[in-house]
Amino acid sequence: MNVLVINAGSSSLKYQLMNVETQETLAIGICEKVGSEDSFHKYGLDGAEQLDETPLKDHDDAMALVIEALVSGPTKALDSLAEIDAVGHRVVQGGQYYPISTLIDDEAISKISELSVLAPLHNPPALMGINACKNHMPHVPMVAVFDTSFFQTLEPSAYMYPLPYELFEKHGIRKYGMHGTSHRYVSERGADFLGIPGEKARIITLHLGNGCSASAVKEGKAIDTSMGLTPLDGLMMGTRCGAIDPAIVPFMMECENLNTDEVNNLMNKKSGLLGISGVSNDLRSVQEAAEAGNERALLAIDMYAKAVKKYVGIYLAALGGADGIVFTAGIGENSAMMRAKILEGLEGLGIVIDAEKNAVRGKERFISTDDSPIKVMVIPTNEEYMIARDTFEIVSAL
Ligand code: AMP
């Protein structure tokens, strides 16, 4: 089955065409700056990338371009659109409605729209992607795969905030968690890699990219995660502050004379590695600056590592120990320095890193010593595959 995986952002449309049975990627690309004059389409498999600079006024225009590149020209992967069997959409917020992925029908569209209050930056663009596909491929079944679904197994004691209960009842204020598709994938792969059946494994998953989150997975089910009502909570990130004393928010608004949008922007776009280092949100640049003696860059790296280390401790307690810890996403997969810093000094808890294995670059691998009681793994995430697999399962059952 060929599944087109779509990840639509406010000004972007990312896609991957996969054959689910062979796990082969047939086509890949992204339309960026959609809605502006200087939009472009970057596409093509490794070594054969193409770039088209062309104005795309909306996601519908972008989808037309994507379809053209799938069925014609140098990146042609299909003879006709009829070879696309299903479309899988990444949707950030599924609220309490969707503990698993769902077929997209009118009711799902209206629920995703209703949930835009909880994810104003993410659900509306996902709907634009869904509508664009509907316009161009009206008869192809579509599935929504939610970032929040994996965390619908959390107990109320893990997802409730100690605020007046009515706020949960009236506005749905609770922890939803994000990056769930990634945590689900790497926790499954982690259990496989450990040779432990998923329903017996206790795994801590660390998704460390520009956005960062940690989760505790027991017997295949998430029991806690660091992101909350929004993706701002938990770990320090590229530009997001993560968890801070909540009283700082009204304090900053008063002393810096900020309105709600401005304070939100400050915490989401100007904080984290960027805010502390003053250099960049990109760890590679922050690390270069730190190596050149920049004190604030050094501080940013130390703070980042400490925030993740803290969550390792919290989740060891929540799980009552762990069989494995998985690092994934840009920083988790690539930064040996950061992995070592996060786990240094945890030998007493049974986490022993092998410096040589940690330094090796590669695909799925162990980076702990053979006799480390808790095994540490690097597992590249593959959210697109999970979206394609869920889509395949739901559409096959129709
Ligand atoms: P992602 O959001 O998963 O694409 O991750 C982006 C983050 O990964 C950025 O902070 C990058 O600096 C970081 N990253 C990517 N490659 C490397 C690398 N080789 N070494 C250190 N950090 C990296």
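Indexing begins at 1, ligand by ligand and atom by atom, following the structure's order.
- Within 6.0 Å of CD1 on Ile100 lie no more than 12 heavy atoms contributed by other residues, nucleotides or ligands.
- Every atom of ligand 1 is numbered from 1 in the order shown, and the set under 4.0 Å from a heavy atom of Ser335 is 21 (C).
- When each of Met237, Met227, Met178 is tested with Ser213 by the rule side-chain contact (heavy atoms from CB on, under 4.5 Å), just one qualifies, namely Met227.
- Heavy atoms of Asn281 approach ligand 1 to within less than 4.0 angstrom.
- The shortest distance between side-chain heavy atoms of Phe146 and Ile112 falls below 4.5 Å.
- Of all the listed residues (Asn210, Leu274, Ile331), Asn210 holds the heavy atom that lies closest to atom 2 (O) of ligand 1.
- Tyr15 has its ring centre no less than 6.0 Å from the ring centre of Tyr43.
- Checking Thr239, Leu273, Asp282, Asn334 against atom 12 (O) of ligand 1, the nearest heavy atom belongs to Asp282.
- Between Gly211 and ligand 1, a contact under 3.5 Å exists for no N or O pair.
- The minimum heavy-atom distance linking Ser277 with Leu273 is given by the pair OG-O, 2.7 Å.
- Less than 4.0 angstrom separates atom 22 (N) of ligand 1 from at least one non-hydrogen atom of the protein.
- Taking atom 14 (N) of ligand 1 as the reference point, the nearest protein heavy-atom neighbour is Gly330 O, 3.6 Å.
- Which parts of ligand 1 touch Leu283 is read off a 4.0 Å heavy-atom cut-off, strictly below it: atoms 10 (O), 12 (O).
- Between Met137 and Met142, the closest side-chain pair of non-hydrogen atoms is not below 4.5 Å.
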